[in-house]
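The figures here come from the full heavy-atom set of this structure, side chains too, leaving out hydrogens, waters and symmetry mates. Values in this document were obtained by computation on a predicted structure and should not be read as measured data. We number each residue from 1, following the sequence as shown.
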Amino acid sequence: MTATSLPPHHAIHAEGADARGVVPGNVRHLPWLLISGAALGLAILIVGAVGALIDRGWELSVDRAIMLWTRHGSAHGIPIGPPWVRSAMVDITALGGVTVLTVITVIVIGFLALKRLWLTMWLVLGGTISGAIAVAVAKSIVARPRPEIIDHLVTVSSASFPSGHATSSAIVYLTLAALIMQIVPGRLVRGYIICAAALLVGAIGCSRVYLGVHWPSDVLTGWGFGALWALMWWGIGAWARLRRAGRSLLHPGE
């Protein structure tokens, strides 16, 4: 059987929202490639600007204030909240670790492959792998020391800026959410996906500050970079879908 005579539901053919010629209704009439480039540029600018300030000895007083607040104002104080909060924060922070993020990404990729959503699968691979490289490069360039103002509740060894957990979790969870939102129907479902991802990323970032291993500015920069990274891949995904369908980038309805 030749490639041209394969039945429409052959296993190598993409299906659903990833089928050739299909433009999901969630892809809006905007120049997505331009948006992607702008998001990438802004993300690099944020990390570069904050990193340059930190490299010159810049330190926010609010950083110190927030970290001391988590210990009732004392460097060696007891963490705020009931005893179970500490255990919960350790569990939550693990959700932003390399192992968990890798496992979740592999599971999602496997699911997309089984559903033959090839385009979405490759977009997820591209967004998460390139994001991991970007985080590693940023950490090696700035090399900000870990905060020593309060006791660490977990063991750490790498540089502090930007927060690897906050940045990587934002890149992975928000990029997954952004790309999956393009292929699922229903505004309520899409809203649930992005809200769940945002809450998860927020909790992971807060856990890093609570555990004493990151300055709040490390986390805030990581959140901003990760969100812009997700926006960039959202734009790339929309651009790719329109191009595969043979539609105009500026006028996809034509």
Side-chain angles (χ1 to χ4, degrees), residues 43 46-47 50-51 53-55 57-105 128 131-132 134-177 195-230:
I46 288 175
V47 173
V50 178
L53 290 171
I54 289 172
D55 193 49
W58 178 65
E59 186 175 298
L60 286 173
S61 58
V62 70
D63 266 350
R64 298 177 60 87
I66 292 175
M67 298 204 74
L68 286 172
W69 172 76
T70 65
R71 300 296 186 272
H72 294 94
S74 174
H76 303 291
I78 299 173
I80 60 173
W84 61 265
V85 172
R86 175 174 176 172
S87 298
M89 287 297 178
V90 172
D91 292 339
I92 290 172
T93 208
L95 297 176
V98 174
T99 301
V100 174
L101 291 177
T102 301
V103 169
I104 289 176
T105 302
T128 53
V135 173
V137 170
K139 274 184 170 289
S140 64
I141 291 175
V142 181
R144 184 186 194 182
R146 294 280 179 171
E148 298 293 342
I149 187 173
I150 60 175
D151 296 331
H152 296 177
L153 301 183
V154 291
T155 303
V156 290
S157 57
S158 61
S160 185
F161 179 89
S163 166
H165 281 65
T167 312
S168 297
S169 64
I171 287 173
V172 171
Y173 294 127
L174 295 181
T175 299
L176 287 176
C195 287
L199 288 173
L200 183 56
V201 170
I204 291 170
C206 290
S207 74
R208 302 306 285 171
V209 176
Y210 181 92
L211 296 172
V213 295
H214 276 295
W215 299 103
S217 55
D218 297 337
V219 172
L220 288 172
T221 304
W223 282 341
F225 183 87
L228 288 168
W229 195 265

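Tyr173 approaches Val201 most closely through the heavy-atom pair CB-CG2, 3.9 Å. The two atoms that bring Gly202 and Trp223 nearest to each other are O-CZ2, 3.4 Å, heavy atoms only. Taking all atoms of both residues into account, the shortest heavy-atom contact from Ser169 to Ile204 is CB-CD1, 3.7 Å. Between Ala197 and Leu174, the shortest heavy-atom distance links the atoms CB-CD2, 3.9 Å. Shortest non-hydrogen contact noted between Val219 and Arg208 is CG2-CB, 4.3 Å. For Gly226 against Ile171, the heavy-atom pair with the smallest separation is CA-CG1, 3.8 Å.
A side-chain contact (heavy atoms from CB on, under 4.5 Å) with Thr105 is found for one member of Thr128, Thr175, Val100 and no other, namely Thr128.
Taking OG of Ser87 as the reference point, atom CD1 of Ile92 lies at 11.0 Å (rounded to 0.5 Å). A distance of 9.0 Å separates NE2 of His214 from OG of Ser207, quoted to the nearest 0.5 Å.
Enclosure of atom CD1 in Ile78 is not indicated, since only 12 or fewer non-hydrogen atoms of other residues, nucleotides or ligands lie within 6.0 angstrom. Sparse packing is recorded around CZ of Arg86, with 12 or fewer heavy atoms of other residues, nucleotides or ligands lying under 6.0 Å away.
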Self-check item: Step-by-step side chain to side chain contact (heavy atoms under 4.5 Å, CB included) determination, Leu176 to Ile104
Solution: CA-CA 10 Å; Leu176 287 176; Ile104 289 176; 4.2 Å; yes

